[in-house]
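Note on naming: letters A, B, ... go to the chains in the order of the sequence lines (proteins, then strands), and numbering restarts at 1 for each one. This structure is a prediction, so every number in the text was calculated from the model and none was measured.
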Amino acid sequence: MILNKKFFQRPVKTVAEDLLGKYLVRRFADGRTLAEMVTEVEIYDGPEDRASHACQIGTDKRRRNNKGKTKRTAPMFEAGGIFYIYLCYGMYQMLNIVVGEKDYPAAILIRATRETKGPGRLTRKFAIDKSLNTKSALRGTGLWFEDRKEELAPQKIVRAPRTGVDYAGEIWKNKKYKFFLKT
DNA sequence: TAAGTGATCTCT
DNA sequence: GAGATCACTTAA
C-alpha cells in the first residue's frame, strides 16, 4: 500500500515514528524498481525549530541558513506529501518528505535504509536529484513510500539529537529529533 | 580529521 | 558580484 496524504498530514513526530519500517521505492527511467526499508530519519518541525531551513524566528545574521520562506525552502511550506530535495556541501542531494498542513513548515529527512546508510549515499543509490523536488510522493510514480505490513516492535525505536545542527542553539540542537531502529 | 564542492543567501 | 555557509562522505 502506498502511503497517502492522510499518513503525512499528521503531527511530524507521529509520521516519523510510523515511517520507520516502511519502504522507500524508486522506479528508474529504465523501468527497474528499487525498494529499501527506512531505518533512520530526522524531523524538522515548524517555524520555531532553529535547526530547520524554514525557521522564521530569532534571525541571526551569522545563521544564514535559517531564513524562513525562501525560494529554496518554499516546498516545506506546502501541504504534506511532496518531496523537498536540496544540495548540501556541493555534492550531496538530501531527500526530505514534507509533512503536515499547508503553511506549517515541516519535513522529515530520510537518513538511511536498512541497506544504505547516510542521506547522501542513499540519494545517490536511488538516483534522486532536484528534478524530484516538489513532486508528489502520493502518486506512485518515480518515488514513493510503501507500507508492506512488516511487524515492528515499538521498543525498537530509538531517539537521539540530530546530526550537524550545532548552530541551532542549546534548546534545539539537543532535541531528540532523530528517530532510528535499533539493530 | 580534513578537505572537497557548488547552490543559496546576504550584503555591497 | 563577492563572500560565507552547509541537515555529508571519503580516504588516510
Do other residues, nucleotides or ligands put more than 12 heavy atoms under 6.0 Å from [X] [atom1]?
X: A:Arg139; atom1: CZ; answer: no
X: A:Lys176; atom1: NZ; answer: no
X: A:Lys6; atom1: NZ; answer: no

Bracket notation of DNA chain B in which parentheses pair within the strand, [ ] cross earlier pairs, and | pairs with another strand (Watson-Crick or G-U, under 3.5 Å): ||||.||||||.
Rounded to the nearest 0.5 Å, how far does [atom2] of [Y] lie from [atom1] of [X]?
X: A:Leu122; Y: A:Thr113; atom1: CG; atom2: OG1; value: 5.0 Å
X: A:Leu109; Y: A:Ile97; atom1: CG; atom2: CD1; value: 12.0 Å
X: A:Phe179; Y: A:Lys13; atom1: CZ; atom2: NZ; value: 7.0 Å

Touch class at under 4.0 angstrom, heavy-atom based, for A:Lys130 against every strand present: sugar-phosphate
Nearest-angstrom distance from the residue atom CG of A:Leu87 to P of C:dT9: 13 Å
Separation of atom OH in A:Tyr86 from atom P in B:dC9, rounded to whole Å: 12 Å
Residues from residues 91-127 of chain A lying under 4.0 Å of DNA chain B - heavy atoms: A:Met91, A:Tyr92
Stacking of A:Tyr89 on B:dG4 base (centres under 5.5 Å, planes under 30°): no
Parallel, tilted or perpendicular, as decided by the 30° and 60° cut-offs, for the rings of A:Tyr86 and A:His53: perpendicular
